[in-house]
Amino acid sequence: MELKVPPAGESISTVVISEWLVEEGDSVQEDQTLVILETDKINVEVPSPVSGVLSEILKGPGQEADIGEVIAQLEAGAGAPAKKVEAEVKAGTGSQAESESEDPIVSPAARRMLEENHLSPGQVEGSGKGGRILKEDVMEHLQGQKTASAPARPKASQPKAAPSEPVGPDPTGPGEEEVVPMSPLRRKIAERLVSAQQTAAILTTFNEVDMSAIMELRARYKQPFIDKHGIKLGLMPFFVKASVEALKEFPAVNAEIRGTDIVYKNHYDIGVAVGTPKGLVVPVLRGADHLSLAGIELGIKELAEKARTMKLTLDDLQGGTFTISNGGVYGSMMSTPILNPPQSGILGLHNIVDRPVAVNGKVEIRPMMYLALSYDHRIIDGKGAVSFLVTVKNAIEDPARMLLEV
């Protein structure tokens, strides 16, 4: 039986073999996941259509395949192959077998890399599902070892003796180049960012917001919120709420250009930028205007978890009307976010820093954050963009505005 690449969604014609979860000759069960395919939008898990044996792998990790192309052969109804039984017999029993059974699950690609570098699975921390060790985990472990073992540069305070012979290349300088193909997701990110820069007239306006009121509110109701909803209340729900109110007041920021028309959106589906090991994705929180703070927090948590485990679907990524990107979680002080086409606005959040500010004629130390709004100047005027950002600022500094919708 042939194992073919299944349809992965509209406009997706090719995939990249990300990882085989079984090896040639392994017994497989019906609906067991055999391979993970990577596209420019999502990862696709391909299950076995029958129980049997994976007799041959035709496309290895890193290779491209077209939709409908055969990537492996299966023998339906076959039992465990002789080579696997023989390997199990050679493995022996007793304490050695018991210790092997306690090893974490290792992907085939990662196992080969472990063997090549004389490492045991117990030395590497897995980031895959159920603690599975992936190839990327081994690479990260090896990189960490390389960094730790690199010789330290001599301190500037210790003068070197004049060399009697010409000095060769600095052993602590940059190492050899490593050429790694861009993943489909990274290629798509690059394509969309360049397209946004070339198509839209992107301009960014800035403001700063005093976070005192929001932080005091979160601290006051921290435990009651957890007791009722089972989740901590973060900052993002407040900015989603504030953005929705501002979008209602300035609908051009929630619009898009379609040909020679401007399409105004009467729904508020907010994209939330999430960083993953393979790149930035923007899953969409649907109907944000109908959600409570708890509903927003739970929705964002679910989307972020799906993004980190590469479980997002095409529906999770399509149809957003406005995006919020929080670079503050990585320590960013200020940035100019790039639009997420075909959207016309994106709000950038940054880290919170205690700074001296003038309050009622006195200097006080307040937790301050810079806000950035990048917008498409083709349909949004400067006045509208600045007013939008001021509306968000006022709502955050006085949360009662969001409750009263003023």
Side-chain angles (χ1 to χ4, degrees), residues 1-9 12-94 96-117 119-121 124 126-138 181 183-184 278 309-311 313-314:
M1 178 172 289
E2 297 176 337
L3 183 69
K4 299 181 179 180
V5 177
I12 297 177
S13 59
T14 61
V15 301
V16 171
I17 310 299
S18 177
E19 180 185 8
W20 282 97
L21 303 182
V22 292
E23 297 179 326
E24 284 188 358
D26 283 354
S27 294
V28 297
Q29 300 297 319
E30 185 175 357
D31 294 329
Q32 176 185 347
T33 301
L34 303 182
V35 62
I36 298 176
L37 308 178
E38 187 176 348
T39 74
D40 57 15
K41 296 183 177 73
I42 59 173
N43 279 9
V44 179
E45 295 183 352
V46 181
S48 175
V50 295
S51 296
V53 170
L54 182 67
S55 57
E56 185 181 8
I57 294 176
L58 303 177
K59 290 280 186 176
Q63 292 184 301
E64 290 191 359
D66 296 329
I67 300 299
E69 184 175 350
V70 179
I71 57 175
Q73 298 283 350
L74 291 163
E75 293 182 18
K83 69 173 185 177
K84 186 168 183 178
V85 174
E86 183 180 354
E88 291 174 353
V89 172
K90 288 182 179 180
T93 58
Q96 180 181 356
E98 290 174 1
S99 64
E100 289 178 356
S101 66
E102 294 174 357
D103 284 343
I105 302 173
V106 184
S107 71
R111 186 174 296 280
R112 285 193 295 271
M113 188 171 287
L114 288 172
E115 293 172 354
E116 292 171 358
N117 292 276
L119 295 173
S120 66
V124 180
S127 63
K129 185 177 180 180
R132 173 185 289 273
I133 297 177
L134 308 178
K135 180 180 178 181
E136 291 80 2
D137 300 324
V138 183
S183 68
K278 294 191 176 183
T309 56
M310 304 303 290
K311 299 293 185 182
T313 65
L314 287 176

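With sequence neighbours excluded, no residue forms a salt bridge (Lys or Arg N to Asp or Glu O under 4.0 Å) with E30. E64 meets the salt bridge (Lys or Arg N to Asp or Glu O under 4.0 Å) test with R187; sequence neighbours excluded. Scanning for side chain to side chain donor-acceptor pair (under 3.5 Å) contacts around S120 gives Q123, with sequence neighbours left out.
Summarising the geometry of S18 relative to P61, their closest heavy-atom pair is O-CB, 4.0 Å, with the distance given to 0.1 Å. Counting all heavy atoms, side chain and backbone alike, W20 lies closest to A72 at CH2-CB, 3.5 Å. The two residues L3 and P47 come nearest to each other via the heavy atoms CD1-O, 4.0 Å. In terms of heavy-atom proximity, V28 sits nearest to V50 at CG2-O, 4.2 Å. Closest approach of L37 to I17, counting heavy atoms only: CD2-CD1, 3.4 Å.
Inter-residue side-chain proximity for L54 and L74 is flagged as met; some heavy-atom pair is nearer than 4.5 Å. Contact annotation: the side chain of V5 never approaches that of D66 to less than 4.5 Å [non-hydrogen atoms, C-beta and beyond]. Using a 4.5 Å cut-off on side-chain heavy atoms (C-beta onward), V35 and V46 make contact. Under the 4.5 Å side-chain criterion, counting only non-hydrogen atoms from C-beta, E45 is in contact with K311. Counting only heavy atoms from C-beta outward, the side chains of M1 and Q73 never approach each other to under 4.5 Å.
Put simply, CD on E2 and CG on L58 are 8.5 Å apart, with the number rounded to the nearest 0.5 Å. Distance check: I71 CD1 to E56 CD gives 12.5 Å after rounding to the nearest 0.5 Å. To the nearest 0.5 Å, atoms OG (S51) and CG (D31) are separated by 8.0 Å. Going from atom CD of E24 over to atom CD1 of I57 covers 5.0 Å, rounded to the nearest 0.5 Å.
Between the side chain of E75 and the main chain of V53, no donor-acceptor pair closer than 3.5 Å is present.
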